[in-house]
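Note: hydrogens, waters and symmetry copies are ignored here, and every other heavy atom, side chains too, is used. We name chains A, B, ... by the order of the sequence lines, and we start the count at 1 in each one. Computed from a predicted model, the values in this text were never measured in an experiment.
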Amino acid sequence: MSEQEHSEHIVPPATYLAIILTLLFLTGTTIWAAFVNLGRFNIVVALAIATLKATLVVLFFMHAKYSPKRTKLIILAGIFWLALLLGMTLSDYITRVDYRGVRFPISQVSQQLPAQRG
Amino acid sequence: MQSPLPFFPEQASNFAGNVDALFSYILVTAIFFTVLVSLLAIFAAFRYRRKNASDIGAEIHGNTALEIGWTLIPLILALGMFAWGAVIYVNYRTAPKDTLDIYVIGKQWMWKLQQPNGRKEINELHIPVNRNIKLILGSEDVIHNFYVPAFRVKMDVVPGRYNTMWFRPTKVGKYHFFCSQYCGTNHALMGGWVIVQDPAEYAAWLSGESGDVSPVSAGEKLFTQLACTTCHVSNGTGRGPSLNGVYGAKVLLADGSIVTADEGYIRESILQPKAKIVAGYQPVMPTFQGLVTEEQILNLTAYIKSLQTQPVPAKGAGVAPATSGKK
Amino acid sequence: MSTAAAAPVKTMPEHHYLNATYGIRSWLLTVDHKRIALLYLASVTFFFFIGGFFAMMIRLHLLTPSGYLLSADTYNRMFTMHGVAMIFFFLIPSIPAVLGNFLIPLMIGAKDLAFPKINLLSWYVYVVGGAFTLYSMVSGGLDTGWTFYTPLSTVYSNSAVAPAVVGIFITGFSSILTGLNFLVTIHTMRAPGMTWFRLPMFVWAHYATSIVMILGTPVIAITLALAGMERLFGLGFFNPAMGGDPILFQHLFWFYSHPAVYIMILPAMGVISELIPTFARKQLFGYHFVAAASLAIAVIGFLVWTHHMFLTGQSTYAALVFSFLTFLVAIPSAVKTFNWVATLYGGSISFDTPMLYAFGFLGLFLIGGLTGLFLGCLGTDIHIHDTYFVVAHFHYIMVGGAIMGYLGGLHFWWPKMTGRMYPEWLARISALILFVGFNLTFFPQFLLGYLGMPRRYHVYPPEFQVYNVMSTAGASILAIGYLLPMIYLTWAAFCGKVAGDNPWPATGLEWKTQSPPLTENFEVTPVVTWEPYDFHNRPDLGLDAVAANGVVPAHGDD
Amino acid sequence: MHRTGELYGQFKTLEQQKESATLGMWIFLITEVMFFGGIMLAYALNRHVYFPAFAAGSNTLSLKLGGFNTVVLLASSFTMAVAVWSSQVGKKTLISIFLLLTITLGFVFFGVKYVEYSQKFHHHLVPGKKFDIFYCVNNPAGCPDVDAPELMEESKLLDEAKAADPDLNAHAQLYYSAYFGMTGLHALHMVIGAGLLFWLLKGSLAGRFTPQWNTPVDLVGLYWHFVDIVWIYLFPLLYLIDRHK
């Protein structure tokens, strides 16, 4: 009750049109970028463009730009917790070293220990 | 065991003393706080007990200095515990270079262990005292865990990857090891003994594998190795009948007929278990067709023969009771 | 009893939520948060006794080393179904869905939760999930352990894993909807004057709990969905034979299931934070710190999950980070405990049953919490991980902590919920039985664990027998301690002495309305002008305004 | 709780009701983020470890269909946004028109998805016993919709991947597990969204939504945009791995 906004902000359709055109342009960009060999940065570029698109949708289509602070806080909390889940789990995997000194081992099904043979 | 109410298990490895010391440090801290808080609460409960039904308490809201104090002091103590624990853990996870490497395979519900020279053991591990031992752990099915309480060490045995653990046994003796990650039906039976020996004794054991084992003992080993023991429990409590005294005896089948348990019957039961089901049991035994050689069948048969003289349990035996079986 | 004998004979109010409408439909289609709370009360009690039955079988079986009662497979089903019933269907919904549902709108002066229909839906979702799980229990049982570790659960188990997984998946949504409802309600439905720092600590605790519920539960839902699809369609993420990784399952599982421990204990802490000020007739010491500690536990609680996985082959670095964070999460719990004890200081303490439960909680939570240090500490965890030490530790937290809080809360608010008092002396005795029985059951398990007895063993080496016998003996006492309240509380709901609006008296808004309350809770929306737990400026409570007993300390307060 | 017009009894004002509903929707969307997070994690880990297999799997998807669906979904988000605007400014006919457009675009998406799924089914690319990433290469007759040059290219691609990962089939199956898991969950959300849109359409045809009270349109809009955001991530993650070969 203390935090509510009384007047609702109305975004004009022209803004929506501009946003959708940007989104379509970015879609084209991401496809184009996928065909350029950037090595390991392909995924970085793809995710960066996706995040940009998502941000536009959240800010304008979902009116987050005009929403109370609390809504923004909730969005940030969601991103933060998602980052926790992904980041902290992957932090375990990328710092793993197995008994042969192999980094990032998750599965070695095709290899057998001597005791497993015969 | 020594005392009727034991507390610390035996200390038999390089880690045992340190883990117990750290445990004692945390224990003393924990007891201190338990006693402190309990005494304060009990004191307050008596000192400030309600004397008149309409009494109320003093007006105290809080005290920032106290709050900071009882945030910081536990924090410092906790960080001490963390640091000490971290030192032990990093040491435990970083094996020294000069280890004796032993491969350990867990499968439902037995352990296969192999010495560097290729000698294999089932549910038993011979190691020399005062040598750094590294176990390389793999699983054939589900997650297990290799745990030796007297050494204060354990490590998960995860299918699809190989974990390692290391320790240095410091005392000659025989110690339990357990599977401590739940792995299905006979999880509790999936254990054995670590036998720590003098280097000389160990060397003698290592080279002492005889080429010609008797068929009975070869069969006995196979009986465990093929996990027959998990169902054919000798006291008759398993999913399969006890095999004590079966050889040569009459067996009542599920269809009411009676057969004599001879070599042919035993062989058929191994290769085509569903052909003749003992009365009162489910057809749950898998076929061993293609899994055992003829020689192994002979050894198994020899072993089952040797059980002829073993005591037959009152319930759950494969042997037909003398009176029943008549149609 | 606490109030003076001056009060005339009390009578039940003429209209209240229990007699507002009649008939089975009026209950099954109700959107009244109080009635939904009672529906939850009935269903969680049902699952508690199912889980309790399994527990009894387990303890009886372990009386002898060779376990004479059950076969290995049956034993494994017993402990699995005990865990599933108790954790997913009793502990997680117990305090939030029963006491929280009943009390949050009353405590903040609202007519109902923000979304009453969603509240009813969440109960139905719970029931449907429960039905699937019950079906799993009767159609072959479940023998994977409540942790569902892969590939045992997805490939090797021969039991009814799929329906259980579906059941828990569905029940998860009940938890999410409850958390969502609480968060929105606490944000938008507070009565005039009910500022954030006038909220009862029970509401703060539920706010923190709800955060955990909405952020953690979806992860267990997707994890179990993936595991279920792996079992049914061979998806493969967790199956090493297909290149998947069973440790990934554990990461995802514990990302929820560790914070879930806080779903169970935070509300109990909230209850205790109500009981102690009420029965000591004194403000909660360090209100802001206790509230902040709840939030800190909810947030840091999300950062410690791999301490269940120190010995899975996790990277050493990750283990160090997570162990460090584990020690950090212990601090807010310690802060809460100190504040509770400090609240006693200078109070006017009575020993009504709820307060006995609060004392019991203090003692057991202290032991449970401190033994967590041994497990969070990397060095000692190597030895005691997956032993009975762990079993003892989490039972001290969940049974000693959460259930003590739950029962304490039930006794405290029973007069509000039913309008009638429970039999005080019987209740005190059963609280005592519970405390003794609990310690006898679970304390020996610490010793067993340090001696090296692994968990989930249906047979064990004979050297462990002494402590197992003690534990089983304790369990039979404990069982009586649980049966008694169930019986006399039911009796009291119909035949107990009429309680009146505020029998203790307590300061919360829920005591400003009649007992049992009206369907719309308050005749007029209350306006809050007082600070929480303030007995000094509340002439309406009918107590002496002077601290008759309290020697106000000359120093040490501010 | 009795209801006065659009105001439910537990609330005092329409603003409070709208505030609660919007807050509830946002919180719900956060739980959805975490829900998709779990499977994203499984994807991320396996993609890192089995990159060649994931790249090979991704290259067997049709970029045309995926790209087309991306455009369709973005467009539906736009029409949804305009529908919300129409309700805010009280253009009652426009609400219905744009809701109908949104629904139509949603169904176009389903149609394309159906084509994709059935193709994968015929190509033995659904995880399970029959899964065979080489099926089309080895049985061109079984895949009449793939023409010879495409097949040649696919064969070359899979051979290269096989050289990098001897266990290609198993790991490509993990890719397809991720593909079906993620797009399946997304499609499920779309189905729920479409149901909600029909419900809105019914309301808007009855003229229920006014500038004073349009909460349902607003909330379903939020949900629909969220589903769009999920696809914004799924598209590059699933369709665009290592396309430059």
Side-chain angles (χ1 to χ4, degrees), chain A residues 1 3-6 8-13 15-17 19-21 23-24 26-28 30-31 33-38 42-43 45-47 49-51 53-54 57-58 60-64 67-68 70-71 74-75 77-79 81-82 85-86 89-90 93-94 104-107 109-110, chain D residues 12 15-16 18-19 22-23 26-27 29-34 36-38 40-41 44-50 63 67 70-71 74-75 77-78 80-82 84-86 88-89 166-167 170 211 214 218 221-222 224-226 228-230 232-237 239-245:
Chain A
M1 34 206 64
E3 294 136 74
Q4 77 189 32
E5 296 222 329
H6 284 280
E8 180 176 50
H9 186 96
I10 297 175
V11 185
T15 312
Y16 292 143
L17 196 63
I19 296 298
I20 181 67
L21 291 177
L23 289 173
L24 292 175
L26 287 173
T27 306
T30 193
I31 295 175
F35 283 93
V36 181
N37 189 354
L38 300 170
N42 270 107
I43 179 71
V45 170
L47 285 178
I49 295 176
T51 305
K53 285 164 76 180
V57 174
V58 171
F60 295 98
F61 283 179
M62 297 171 89
H63 307 158
S67 298
R70 189 166 62 201
T71 309
I74 291 173
I75 297 168
I79 296 168
W81 255 271
L82 182 66
L85 171 64
L86 300 177
T89 305
L90 292 174
Y93 282 93
I94 57 177
F104 210 120
I106 83 159
S107 184
V109 183
S110 46
Chain D
K12 278 186 223 68
E15 280 96 72
Q16 187 193 18
K18 170 149 189 163
E19 191 200 359
T22 313
L23 181 63
W26 275 106
I27 293 174
L29 293 183
I30 294 309
T31 70
E32 290 276 33
V33 168
M34 297 308 286
F36 278 97
M40 290 273 185
L41 177 59
L45 186 62
N46 285 291
R47 172 190 162 119
H48 184 96
V49 181
Y50 305 122
L63 188 53
T70 309
V71 172
L74 287 175
S77 240
F78 169 72
M80 188 69 221
V82 178
V84 173
W85 171 79
S86 317
Q88 286 170 336
V89 295
D167 217 357
N214 51 33
D218 206 25
L222 287 180
W224 192 259
H225 296 313
F226 168 78
D228 187 29
I229 289 175
V230 172
I232 285 178
Y233 279 96
L234 291 191
F235 175 62
L237 289 179
Y239 288 80
L240 296 180
I241 310 177
D242 223 18
R243 280 278 175 186
H244 51 77
K245 275 187 184 151

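- Only the side chain of D/Phe235 comes within contact range of chain A, with heavy atoms under 4.5 Å apart.
- Exactly one residue among D/Asp218, D/Thr22, D/Leu222 makes a side chain to side chain contact (heavy atoms under 4.5 Å, CB included) with A/His63. That residue is D/Asp218.
- With a threshold of 4.5 angstrom between heavy atoms, D/Val84 approaches chain A through side-chain atoms but not through N, CA, C or O.
- The nearest pair of heavy atoms linking A/Leu85 to D/Gly38 is CD2-N, 3.9 Å.
- Interface residue A/Leu82: backbone and side-chain heavy atoms are both found under 4.5 Å from chain D.
- Looking at A/Ile75, both its backbone and its side chain come within 4.5 Å of chain D, counting heavy atoms on both sides.
- In this structure, the portion of A/Asn42 lying under 4.5 Å from any heavy atom of chain D is its side chain and not its backbone.
- Summarising the geometry of A/Met62 relative to D/Leu29, their closest heavy-atom pair is CE-CD1, 3.6 Å, with the distance given to 0.1 Å.
- Between A/Phe61 and D/Met80 there is no side-chain heavy-atom pair separated by less than 4.5 Å.
- Note on A/Ile19, A/Leu23, A/Ile79: by heavy-atom pairs under 4.5 Å with chain D, the leading option is A/Leu23.
- Between A/Pro13 and D/Phe78 the shortest heavy-atom distance is O-CE1, 4.4 Å.
- Considering every non-hydrogen atom in both D/His244 and A/Val36, the closest pair reads CD2-O, 3.8 Å.
- Each of D/Ile241, D/Val33, D/Leu74 has some count of heavy-atom pairs under 4.5 Å with chain A, and the biggest count is that of D/Leu74.
- Options A/Pro12, A/Ala50, A/Gly78 differ in how many heavy-atom pairs under 4.5 Å they form with chain D, and the most are formed by A/Ala50.
- The shortest heavy-atom contact between A/Leu47 and D/Tyr233 is CD2-CD2, 4.1 Å.
- Both the backbone and the side chain of D/Ser77 come within contact range of chain A, judged by heavy atoms closer than 4.5 Å.
- By the 4.5 Å heavy-atom criterion applied to side chains, D/Leu237 and A/Ile43 are counted as neighbours.
- In this structure, the portion of A/Thr71 lying under 4.5 Å from any heavy atom of chain D is its side chain and not its backbone.
- Within the 4.5 Å cutoff, no side-chain heavy atoms of D/Ile232 are placed close to those of A/Thr51.
- Residue contact with chain D, scored on non-hydrogen atoms closer than 4.5 Å, involves the backbone and the side chain of A/Leu17 alike.
- Atoms OG1 and CD1, from D/Thr70 and A/Ile31 in turn, are 6.5 Å apart once rounded to the nearest 0.5 Å.
- Put simply, the side chain of A/Thr15 does not reach to within 4.5 Å of the side chain of D/Trp85, judged on heavy atoms.
- Taking A/Ala64, A/Gly28, A/Ala54, A/Ala33 one by one and counting their heavy-atom pairs under 4.5 Å with chain D, the maximum is reached by A/Ala54.
- A/His9 and D/Gln88 make their closest contact through O-NE2, 4.1 Å (heavy atoms, listed as atom of the first residue, atom of the second, distance).
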